[in-house]
Amino acid sequence: MSPFWNFCKTGAHPAGFGLPQKVATLVATNKTAIGETAGMATRIEGDFDYIIAGAGTAGCIVANRLSADPTKRVLLLEAGGNDNWIWFHIPVGYLFAIGNPRSDWMFRTEAEAGLNGRSLAYPRGKVIGGCSAINAMISMRGQAADYDHWRQLGLSGWSWNDVKPAFLKLEDHFMGASEHHGVGGGWRIEAPRLSWKVLDAVADAAAEMGIARTNDFNTGDNEGIGYFHVNQRRGRRWSSARGFLKPVLSRPNLKLETDALIDRLIIENGKAVGVRFSRNGEAFEARTRGEVILCSGSIGSVQVMQRSGIGPAEWLQPLGITPVLDRPGVGRNLQDHLQQRAIFKVSGVKTLNETYWSLWKRGMMGVDYALRRRGPLTMAPSQLGIFTRSDPHRERANIQFHVQPLSLDKFGDPLHRFPAITISACNLRPTSRGVVQITDAKPEKAPRIAPNYLHTDEDRLVAADAIRVTRKLMKQPALAGYRPEEYLPGPSVGDDDASLAKAAGDIGTTIFHPVGTAKMGASTDPAAVVDERLRVHGIGGLRVIDASVMPTITSGNTNTPTAMIAEKGSAMVIADAR
C-alpha cells in the first residue's frame, strides 16, 4: 500500500503536500485581548464596530469586506475550529468530514412522514469556511427567474440584474472575464479534472431525449447537460475561508475567535449591542457600537435568535425564555432539496466501485493525486449535471440530476462491489415547508429540524415524475451497450403515482441545501424575519446575512447564492453606516 494511502487512513500530514502552514500562527497571534469581567462573563476588551456570528461561507466574505476599512474594528466568532485537517483540502475529503463531529454539527431531522418514517443525517460545517469546507464544491447560481421572483415578492434590489454584479465581483473563473463571469475575486471556480466514459454516455442519452448540451450552467438559464464547475484550485478544495478569510487575517482590525459557541444576543432597549459566547465552559461577552451580523446559516442563525427571545412566543415560553420579540417566522419556512437516489447496475464500463475495492488501484489514486493533483481524489460528489423538466408543461427546468460513477446504500457506507452509477433527481422548487426549533435554552442542545419533505401533493407528483424521467433516461440507445439494470428503486416498483411517491420516500435523502428560516419580506408579513436590506424586523443593530434569508430556494446548489447574499449584504452594511 502506498505511503500516500497510509496517510489517507491516518490523517497525518505528508511533507511537501502544500497545505497552509501559517494558519495556526496567524490565528494564534490574532486572538482578542481579555479585559474586564462583566457579570458572569469575561468581557472582550473594547467595543467593536461589527460582530459577525459564524465564519462559514457567508461570514468569511462579510468579514473580508467589512474589515477592508481599517477604521472599523471587526470581531468574527466561529463555533468550530480551524481548517488544519487535510480532509478539508483534498476534494474527496467530504467523505471523511461529513458525519465526523470534528467537522460536522451532526444534526438529524425528525422522523419524516414523507420519508416513510425515516430520519436523515443533516450535515452542517463546523469549521472556518463552514459548509464550503465540506460540501459538494459545485458552483451553481440558480436561474434568473429565481431572483426575478424575489423582486416580484416586493424585494427591491434582488432581481437577476441586481444580483448578477455580486456574482461577478466574487468570482475568479477559469473561463475568463465575460458577460457571465468575473476574474480576480476570491471565489475560485474551475473545470473538473477527470471524466468518466459512463458519464459521457449518460450525457449522450440525455441528448437523445432532446435536452441541449451546455458548457456553462451559470448564465441565467441552467436547463441542459454538462459537467459541473467546481470551487477548486488546481485540484484542491477552495472554501470561503481560503478565498476570503485567510488572505486578510493579518489585518490588525480583524479578530477571529474559534471554538466560540454563541449563547445569545445582548439586547438593550430594543437593540442588539453584543453577544455572549462560551469556549471550553467559560463565558465571554463582546460588545458592539455598530451591528451584530448573524452568519450562522439556516440552522444556526435562528437558534441564536430564538435563544435570545426573538421568535414564536409559543415556542420560547415553554423553555423558560422570555420573548423579546414575538416574530412567528423565525425558524419557519425551511426549504431543502430532496433527491431521489436511483441506482443502476452497468456492465462493460469502468465505475469507481471496482476501483474502490482494489487496494492497488486505490493506492494509485493517491499517487496520481500527490503527483499531479488529478484523478478520483479531486472528484466532487457529483460530476455530471442535467437540468430538465419533470413534465413538458413546466415553464422552466424544475428538476436537477446529479450523476455519479459510483453507488452505495447510504452516505457513509462503502461503495457497492458491483459496477453501478447513481442518478439522483431533485425537485428544484419544492412547495413543502418545514421548521427549525430550539428544544432547550442551552446552546449545546441540538434543535428540532423537521423539513416536512414530500408534504404537498405537488412535491409528491414531481418526485414521481422525476423517477419516470430517470427510467426514460436509462432506456436511451446511448446506454444500451452497458445494459443498465435498475437496482433502486427497483423493477418491482410500479409506474403509477402512488407507487413512485412511496418509492421517493424510501430512497429520498437531503442534498444539504436548507434555506429560508429567516426569510426576507415586508414587516407586515408575519412570516418575514428580515427586510430587503437584511435588517431584522423589530430589533435595531441586527442583521442576518446567510442562506436563511432566501424567501424561496434557488434552482440548484445553494452555496454560491449564499456567497452572493454575503457580497450584497456586506455592501448594504457599509452603505447604511455612511
Side-chain angles (χ1 to χ4, degrees), residues 23 26-35 38 41-67 72-83 103 105 124-133 239-241 244-246 248-249 251 253-267 272-308 310 442-444 536 541-546 548 566 569-570 573:
V23 177
L26 282 172
V27 173
T29 58
N30 207 27
K31 296 295 183 183
T32 57
I34 301 299
T42 302
R43 174 79 177 270
I44 301 295
E45 185 180 88
D47 283 347
F48 294 87
D49 294 281
Y50 304 109
I51 298 175
I52 303 167
T57 297
C60 290
I61 296 170
V62 174
N64 178 296
R65 300 318 193 209
L66 298 186
S67 65
K72 302 297 183 181
R73 192 166 182 239
V74 180
L75 173 64
L76 177 61
L77 301 173
E78 168 55 41
N82 293 305
D83 61 347
S103 47
W105 282 104
R124 297 284 88 196
K126 187 182 178 183
V127 62
I128 59 169
C131 290
S132 72
S239 70
S240 182
F244 296 95
L245 179 59
K246 291 182 181 181
V248 300
L249 270 178
R251 288 175 179 170
N253 61 322
L254 173 61
K255 307 293 184 181
L256 169 67
E257 292 282 357
T258 57
D259 303 306
L261 180 62
I262 303 292
D263 179 4
R264 64 188 185 275
L265 303 167
I266 302 171
I267 301 173
V273 298
V275 298
R276 286 202 171 196
F277 65 95
S278 63
R279 181 192 293 114
N280 300 323
E282 184 178 358
F284 296 86
E285 177 181 302
R287 293 262 175 166
T288 175
R289 52 180 169 252
E291 295 190 34
V292 177
I293 303 168
L294 297 178
C295 298
S296 298
S298 292
I299 310 301
S301 286
V302 296
Q303 288 180 268
V304 173
M305 283 191 280
Q306 289 173 13
R307 287 197 297 269
S308 306
I310 304 170
K442 297 177 181 177
E444 299 84 5
V536 173
L542 181 62
R543 292 193 208 226
V544 183
I545 303 180
D546 57 33
S548 69
S570 301
V573 172

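FYI, the numbering just counts along the sequence from 1. As a basis for the values below, the full set of heavy atoms in this structure was taken, side chains included, without hydrogen atoms, waters or symmetry mates.
The shortest non-hydrogen separation linking Arg251 to Ser67 is NH1-OG, 2.7 Å. Contact record, Ala241 with Asp83: CB-OD2, 4.4 Å, taken as the closest heavy-atom pair. Closest non-hydrogen pair, Ile128 versus Ala133, comes out as O-CB, 4.0 Å. The minimum heavy-atom distance between Arg307 and Asp263, with the atom names listed, is NE-O, 2.8 Å. For Cys60 against Gly129, the heavy-atom pair with the smallest separation is SG-N, 3.9 Å. A pairwise comparison of heavy atoms in Ser570 and Ile61 identifies OG-O, 4.2 Å as the closest pair.
Taking the side chain as every heavy atom from C-beta outward, Glu285 and Ile266 approach each other to under 4.5 Å. Leu254 places a side-chain heavy atom less than 4.5 Å from the side chain of Leu245. Taking the side chain as every heavy atom from C-beta outward, Val573 and Ile293 approach each other to under 4.5 Å. Taking 4.5 Å as the limit, every side-chain heavy atom of Ser296 sits out of range of all side-chain heavy atoms of Gln303. Looking at Arg276 and Phe284, their side chains never come closer than 4.5 Å, going by heavy atoms from C-beta outward. Side-chain contact between Ile267 and Ile310 is present, with at least one heavy-atom pair separated by less than 4.5 Å. Taking 4.5 Å as the limit, every side-chain heavy atom of Arg264 sits out of range of all side-chain heavy atoms of Val275. When side chains are defined from C-beta on, Leu265 counts as touching Val292, because their heavy atoms get closer than 4.5 Å.
Interatomic distance, CZ of Phe244 versus CG of Leu249, reported as 14.0 Å (0.5 Å rounding).
The residues Arg73 and Asp47 are annotated as not salt-bridged, no charged nitrogen and carboxylate oxygen being separated by less than 4.0 angstrom. Using a cut-off of 4.0 Å between Lys/Arg side-chain N and Asp/Glu carboxylate O, Lys255 and Glu257 are scored as not salt-bridged.
Judged purely by atom type and a 3.5 angstrom limit, Glu291 has no side-chain atom pairing as donor or acceptor with the backbone of Leu542. Formation of a donor-acceptor pair under 3.5 Å by the Ser132 side chain with backbone atoms of Ser240 is found in this model.
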When you look at Met305 and Leu294, which way does the side-chain contact (heavy atoms from CB on, under 4.5 Å) test go after all the steps? CA-CA 9 Å; Met305 283 191 280; Leu294 297 178; 3.5 Å; yes
Please determine whether side-chain contact (heavy atoms from CB on, under 4.5 Å) holds for the pair Ile44 and Phe277, giving the CA-CA distance in whole Å, both sets of side-chain angles, and the decisive distance to 0.1 Å. CA-CA 11 Å; Ile44 301 295; Phe277 65 95; 4.2 Å; yes
Let's go through Asp49 and Arg289 carefully: what are the C-alpha distance in whole Å and the side-chain angles of both, what is the deciding distance for side-chain contact (heavy atoms from CB on, under 4.5 Å) to 0.1 Å, and is it a yes or a no? CA-CA 5 Å; Asp49 294 281; Arg289 52 180 169 252; 3.1 Å; yes
Decide yes or no on side-chain contact (heavy atoms from CB on, under 4.5 Å) for Ile52 and Leu75, but give the supporting numbers first. CA-CA 6 Å; Ile52 303 167; Leu75 173 64; over 6 Å; no
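Under the 3.5 Å distance criterion, with hydrogens and angles disregarded, a donor-acceptor pair is assigned to the side chains of Asp546 and Ser301.
With Arg279 as the partner, the side chain to side chain contact (heavy atoms under 4.5 Å, CB included) test is satisfied by one option alone out of Asp259, Leu261, Thr42, Leu77: Asp259.
Residue pairs meeting the side-chain hydrogen bond (donor to acceptor under 3.5 Å, both in side chains) criterion with at least one partner in residues 55-66, sequence neighbours excluded, are Thr57-Asn559, Arg65-Glu567.
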